[in-house]
Protein chains: 2
Amino acid sequence: MALNDPDPTPLRIADVERETGLSKDVLRIWERRYGFPVPVRDAQGRRCYSAEQVRRLHLLRALVDRGGRPAELMRESDAVLAGRLQALGAAAPVPPVASVPHLDEALRHLAADRPEALEALFQRHVLEFGLRRFLLDVAVPLATGVGEAWESGRLAIHQEHVFSDCLLRFLAEATRRWRAASPDAVPRSPRMLLATLPGEQHLIGLAMVETWSTLDGCACRSLGGGLPVAEIAAAARAQRADIVALSFSACFDPARGQAQLAMLGDLLDKGCQLWIGGGRTADWAPGSARVQCFRNLADLGPAITAWRAARGAG
Amino acid sequence: MALNDPDPTPLRIADVERETGLSKDVLRIWERRYGFPVPVRDAQGRRCYSAEQVRRLHLLRALVDRGGRPAELMRESDAVLAGRLQALGAAAPVPPVASVPHLDEALRHLAADRPEALEALFQRHVLEFGLRRFLLDVAVPLATGVGEAWESGRLAIHQEHVFSDCLLRFLAEATRRWRAASPDAVPRSPRMLLATLPGEQHLIGLAMVETWSTLDGCACRSLGGGLPVAEIAAAARAQRADIVALSFSACFDPARGQAQLAMLGDLLDKGCQLWIGGGRTADWAPGSARVQCFRNLADLGPAITAWRAARGAG
DNA sequence: CAACGCCATCTGTCTAGGACAAACTCGCTT
DNA sequence: AAGCGAGTTTGTCCTAGACAGATGGCGTTG
């Protein structure tokens, strides 16, 4: 009976791919090489994974992401793996962010699943020091800190999601308020379009660029994440954007990014610039004169001024 | 030379998968069956696609998504395909939503790439009729209308993204304002956790549920989109959620959804309910007593009241 | 002792072509 | 006109092999 009815709800390889983020190829090759996971097969010979196996796959993935090596991890029991993940968190003694007291506090709120406290902290900091300093002193280092905390196992994925949601809302609202409060008569330029490429999930960088640029008087419009280059180009044309700004996280493959960037460059109008930032984009080859890499938010101001000067003169 | 240097920036099959959303399997089988796309190969025999081919693949995908059949579409030229896509838009004469004047207006703003006008319309409607009526009379039908407009080719993907971004921000801010304006003394219950499963990109439904439930006095916390069930369960435990609410769009495969739902049901605490809605979830088999399907937003109110009654009595 | 380069191994992605289920079309029958 | 069965289309999954790029260890050299 274990063969003809392996599970009331068969988890097929595509489901496991979505759920764990491990590609079908990886799932198959792990099975071939390491003997795990070996799923039950249905009548047609298709793999049917158990919830148990998926749970272990999550553990394995978490450890592989943090630099573990599959061949070694596969030998360990679930308990050992879970312990190792916890140990990773405990072993990371002094996170570099924690030197600043309020960042440490923010991370503690997050680890304790208290997003309200986090938002209150944001609110206070903005009222005391203003949005620009909030971005530079809190948002950017905290985003880095959360990334590191996740890598070292101190924060779960869902906690990272909570952080993301929290900061995203906060910035969106701050931006909206600023926009509402500035006089309509001011012509806002350049027109900036914000997006991330397919495969890029992190929207935080984008939101920070939007807030900063809006403070600097740009007309920003966000397209959200995961948009194919063809669609970005179409949007840029439709909205007559002067600048398309893309954000990348550190895990985005540079080679892929640059290939897609080149493609986007071809599709955009000649007058439209391409600004990129985040992750390790600073190391990327510029490729085209129209592509500009940004190492940090503060560089946006001068670049916008320069754009206006060039446009005003030209 | 065309062989050893097919392209300055080789687009490999994984890139094309990300960019077009067509799986590697589909790309390979289309090549085998229909003779398109036939990419150049690099020195190792790997497929290197041209930007030209990717452009055509976008067209093909758009038409296949709208019910076209690959075998037939493959014979046509790019121009014919583009024309056919446009014709689809023109052929859809009276969208069902357009019967209500302000919805028609909203769609026109969107088609004309004027998100500011859309937001102004939202703002006006809320001030005149209130948030609940806005959700029922504007947000829900407009979301449906945008989906239909996309299907029929009247709206591009990037315009759908703009709509999504616009409504998402609007709802987030409205929710926040409501929360800020309600007295702190009121104990907010039930504690509701909102998320979508991996593979589900649409966050609109979730945002609408959040706004509605917040109005009804729930303590909502959004985890954003694309979270594995294991993480959702972990978050529910960490935040001691009473209810986990999931949103699905119509394109989500019911069989997959139900399998993942069953898995999530196993992982959650017994006291935690599972509320689902959106798309065609109404047709899904409930599976467990803890799973409750919602056909529309208005049903949330009674369900919340019922939950409170049961909890208060128990 | 540190730094550099080379080599072996590990790991993920890609290849090929075959199989099959689910969905859809079409034509026949009621 | 509506319902049903046969045939076709289409996407997903299968096996098994190849290889590039990363990683880590070792030996040599400054």
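Order of the sequence lines fixes the chain letters, A, B, ..., with proteins taken first and strands second; residue numbering starts at 1 for each chain.
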Q. Whole-Å distance between D/dT10 C1' and B/Asp65 CG?
A. 14 Å

Q.
Just verifying a value: how many Å separate B/Leu22 CG and B/Trp30 CH2, rounded to the nearest 0.5 Å?
A. 5.0 Å

Q) Does A/Lys24 put a side-chain nitrogen or oxygen below 4.0 Å from OP1 or OP2 of D/dC13? A) yes

**Q.** Cationic N near anionic O, under 4.0 Å, A/Arg12 to A/Asp15
**A.** no

Q. If you measure from the Lys or Arg side-chain nitrogens to the Asp or Glu carboxylate oxygens, is any gap between A/Glu52 and A/Arg55 under 4.0 Å?
A. yes

Q: Send over the distance from A/Leu27 CG to D/dT15 C1', rounded to a whole Å.
A: 16 Å

Q: Kindly indicate, with the supporting measurements, whether the criterion side-chain contact (heavy atoms from CB on, under 4.5 Å) is fulfilled by A/Leu60 and A/Met74.
A: CA-CA 8 Å; A/Leu60 287 167; A/Met74 293 290 174; 4.0 Å; yes

(Q) Test of understanding: with ring-ring contact (aromatic ring centres under 6.0 Å, His included), list the residues that count as partners of A/Phe36, not counting sequence neighbours. (A) none

Q. Tell me, do A/Ile157 and A/His161 make a side-chain contact under 4.5 Å, heavy atoms counted?
A. yes

Q: Taking heavy atoms of chain A and a 4.0 Å limit, find me the 5'-most and 3'-most nucleotide of DNA chain C within that range.
A: C/dT11 to C/dA21

Q | Residues that A/Arg32 engages under salt bridge (Lys or Arg N to Asp or Glu O under 4.0 Å), provided they are two or more places apart | A | none

Q: Using the side-chain contact (heavy atoms from CB on, under 4.5 Å) rule, take A/Asp65 and A/Trp150 through it: C-alpha gap first, then chi angles, then the decisive distance, then the call.
A: CA-CA 10 Å; A/Asp65 279 350; A/Trp150 173 79; 3.8 Å; yes

Q. Out of curiosity, B/Leu246 CG to B/Trp275 CH2, how far, rounded to the nearest 0.5 Å?
A. 12.5 Å

**Q.** 5'-most by nearest nucleotide on DNA chain C - B/Glu31 or A/Trp30
**A.** A/Trp30

Q: Taking all non-hydrogen atoms of both residues into account, name the closest pair between A/His202 and A/Ser249 and its distance.
A: ND1-OG, 3.6 Å

(Q) Output the rounded distance in Å from CG (B/Asp253) to P (D/dG11). (A) 15 Å

Q: Start with the C-alpha gap between A/Arg41 and A/Arg47, add the side-chain angles, then the distance that decides, and say whether side-chain contact (heavy atoms from CB on, under 4.5 Å) holds.
A: CA-CA 5 Å; A/Arg41 301 302 183 106; A/Arg47 292 169 172 83; 3.4 Å; yes

Q: Please list, by residue number, the residues of residues 52-61 of chain B whose heavy atoms come closer than 4.0 Å to an atom of DNA chain D; answer none if no residue qualifies.
A: none

Q: Using a 4.0 Å cut-off on protein heavy atoms (strictly under), produce a 5'-to-3' string for nucleotides 16-25 of chain D with B for base contact, S for backbone-only sugar-phosphate contact, and - for none.
A: BB--S---S-

(Q) I'd like to know whether A/Arg84 forms a side-chain contact (heavy atoms from CB on, under 4.5 Å) with A/Leu59, so could you lay out the CA-CA distance, the side-chain angles of the two residues, the decisive distance to 0.1 Å, and finally the verdict. (A) CA-CA 10 Å; A/Arg84 201 176 280 208; A/Leu59 272 175; over 6 Å; no

Q) For the helix from C/dC1-D/dG30 to C/dT30-D/dA1, how many degrees between its two end axes (five pairs per end), to the nearest 10°? A) 30°

Q) Has the side chain of B/Arg66 got a donor or acceptor atom that lies under 3.5 Å from a matching backbone atom of B/Ala62? A) yes

**Q.** Side-chain N,O (B/Tyr34) to OP1/OP2 (D/dT9) below 4.0 Å
**A.** no

